[in-house]
Amino acid sequence: MTDPSFPIERMKTRPQFLAAAKAPSCARGAVVLQARDRADDSPVVRVGFTATKKVGGSVIRNRAKRRMREAARMLIPVLARPGHDYVFIARGGAPTRPWDRLLDDVKSALLSLAADSDTPARAPARAPSPTVRAGA
RNA sequence: CCAGACGGCCGGGCGGUCGCUCUCACCUUCGGGUGGGGGAGGAAAGUCCGGGCUCCACGACGACAUGGCGGCGGGUAACGCCCGCCGGGGGCGACCCCAGGGAUAGCGCCACAGAGAGCAGACCGCCUGGCCCUCGGGUCAGGUAAGGGUGAAAGGGUGCGGUAAGAGCGCACCGCGGACCCAGCAAUGGGGACGGCAUGGCAAGCCCCGCCAGGAGCAAGACCGAAUAGGGACCACGCGCCGGUUCGCCGGCAGGGCUGUCGUAGGCUCAGGGGUCCGGGUAGGUCGCGAGAACCGUCCAGCGAUGGGCGGUCCAGAGGAAUGAUCGCCAAUGCCCGUUUCGGCGGGCGGCACAGAACCCGGCUUACAGGCCGUCUGGUUUC
RNA sequence: CGGGGCGUAGCGCAGCCUGGUAGCGCAUCUGCUUUGGGAGCAGAGGGUCGAAGGUUCAAAUCCUUUCGCCCCGA
């Protein structure tokens, strides 16, 4: 394993997932990835996995989560940003997609979200719209 | 060889690389690390039954209500499960299916059609008699359930006798009921004097009879136990001044805060905070949690389900939920191409069932690509 | 884990208990009315009663199994 400069934890509770659901997301191939900057002082990276009943039965759902977990184990220490929460959501092809394609999906989603987070337009000091929002 | 019936079993294997979890041993800078070992199923599923276990309730027994079960005998911890037998139905057969007690305990229902549908019923017919008559028939009073027609079902069936025509009216056979006899533990089967047909169906309609059942469920239950806010006890400081006091407080004056600010007046309000400890208890954690109605082999009893003896084995314990990801080879099957001495051989593609323990067992039901073994039945060919 | 309910026409519902004819409203179609539309009036079409099996002469209804959806309790 590469040397991670931050500890990695697993997200388990419903409020954690709900908070991440409001964050920017990125769909690539068989997975949807959500990334949320917790904006606290901790550098911990938290990772969560989920698969809905729409994907399939319990065997299919658990296989999808195992494959996403394996992909996260390989890519998160390299590509994640400290202090962020990541949620992997399985889509229909997650259990059957070729393995290197699945890795490409996750890698490209992680890079895309990281680039999006670096854009200054996403900063909170964005200028308000001059039309309606006077003071909120 | 083909078609089929029944019973049982498997439902990938091996090897790299990287991981997860439990356990044991060692090391440790107490964070962890290294090595060995274990790590999903026949249905783990649906949650349809029966138990273990835990808590609650409860003098004992009985009755009632409600729910379930229902041929007989056996097996079992128990069952609505299993085995054997009986009865009924289906199949040429091996074999399969059946909620299979009671309809003279009572209530209820049997639509439509049809004359009549439940102590039945004369529409068309058939027969007898009276009257009328154009001798074809009509009408009236009776008899009659053999025939037509309706229906799921028409109150035994066939034949002969009998009769005005008919009718269990009589007889024979069959069916039904049946005292009694025989076989069997029993369900039931065989025989059967006699009866002379009285007794239609539905109880997966109410019901009757017999049997069974207290309720809830591991989120049961037990233990440990933060932060915050309540509760209680103790400690020291504080609790303005004056007066009264039944020691709870009361009155007056003074003080702080609020009433936007300042002054005045008025109103409201405050009179304590700190430390230590205790108790309940939330989040959370630990236990419950796997050596048992266990599995494997073998012997004995039994037709069998099953029971017993002996020997051996230890066989998952997670917690948003581990038991995996990926790569290669092989097995097996399908398709295509080439070749063939029609047995095969070589190459390519594809390489796949249903499905994931959540306290644990015994069953049932449902899902399931492909394959293997055994026994039996029917047919065909050859010897 | 336990308990309860629902599935009937395109949609929302009756009918089931007590078995024999599947009905109501909206929607659709046709005609009338109007200059035209809407509204109104008259009429018509449309349903494997979630699926399979059983009981019965006969099942949407009764029984069993199964599929899907919803709600509640701890």
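Scope of the values below: all heavy atoms of this structure, side chains included, with no hydrogens, waters or symmetry mates. Note on naming: letters A, B, ... go to the chains in the order of the sequence lines (proteins, then strands), and numbering restarts at 1 for each one.
Using P as the reference atom, G309(B) and G378(B) are 45 Å apart when rounded to the nearest Å. Going from the C1' atom of G284(B) to that of A294(B) covers 36 Å, rounded to whole Å. Taking atom C1' on both nucleotides, G168(B) is separated from A198(B) by 12 Å, rounded to a whole Å. G215(B) and G232(B) have their C1' atoms separated by 39 Å, with the value rounded to a whole Å. Comparing the same atom, C1', in C208(B) and in C169(B) gives a spacing of 41 Å after rounding to whole Å. Nucleotides G214(B) and C72(B) place their C1' atoms 33 Å apart, quoted to the nearest Å. Going from the C1' atom of C119(B) to that of G210(B) covers 33 Å, rounded to whole Å.
For G248(B), the glycosidic angle deviates from 0 by 90° or less, giving a syn base. An anti orientation is assigned to A220(B), its glycosidic angle lying beyond 90° of 0. In this entry the base of G136(B) is syn relative to its sugar, with a glycosidic angle within 90° of 0. Its glycosidic angle being more than 90° from 0, G334(B) falls on the anti side. Base orientation of G343(B): syn, since the glycosidic angle falls within 90° of 0.
With a cut-off of 3.5 Å on both Watson-Crick or G-U wobble distances, the partner of C26(B) is given as G33(B). Base-pair partner of G178(B): not found among the strands shown (Watson-Crick or G-U wobble, both distances under 3.5 Å). Across all strands shown, G4(B) pairs with C376(B); the Watson-Crick or G-U wobble distances both stay below 3.5 Å. Pair assignment for G263(B): none, as no Watson-Crick or G-U wobble contacts are both less than 3.5 Å. If you check G370(B) for Watson-Crick or wobble pairing at under 3.5 angstrom, you find it paired to C10(B). U339(B): Watson-Crick or G-U partner is G344(B), with both key distances under 3.5 Å. Partner assigned to U34(C) is none, using Watson-Crick or G-U wobble distances below 3.5 angstrom. Remark: A358(B) base-pairs with no nucleotide; criterion is Watson-Crick or G-U wobble with both hydrogen-bond distances under 3.5 Å.
The line from CG of L75(A) to OH of Y86(A) is 11.5 Å long, rounded to the nearest 0.5 Å. Atom CZ of R46(A) is separated from atom CZ of R36(A) by 7.0 Å, given to the nearest 0.5 angstrom. Note: S25(A) OG to L113(A) CG = 7.5 Å, rounded to the nearest 0.5 Å. Distance CZ/R69(A) to CZ/F49(A): 7.0 Å, rounded to 0.5 Å.
The side chain to side chain donor-acceptor pair (under 3.5 Å) check on R28(A) picks up S108(A), with sequence neighbours excluded.
Look at CG on L75(A): it is 14 Å from C1' on C18(B), rounded to the nearest Å. Between the P atom of G19(B) and the CE atom of M74(A) lies a distance of 10 Å, rounded to the nearest Å. Regarding D100(A), its CG atom lies at a distance of 16 Å from the C1' atom of C18(B), rounded to whole Å.
Results of the side chain to side chain contact (heavy atoms under 4.5 Å, CB included) test with I89(A) over V32(A), L33(A), V31(A) single out V32(A) as the only residue that passes.
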Could you go through nucleotides 324-326 of chain B and list every protein N or O atom that sits under 3.5 Å from one of its N or O atoms, giving the distance for each pair?
{"from": "U326(B)", "atom 1": "OP1", "to": "R67(A)", "atom 2": "NE", "distance (Å)": "3.1"}
{"from": "U326(B)", "atom 1": "OP1", "to": "R67(A)", "atom 2": "NH2", "distance (Å)": "2.5"}

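In this structure, R73(A) pairs ionically with E70(A), as a charged nitrogen and a carboxylate oxygen lie closer than 4.0 Å.
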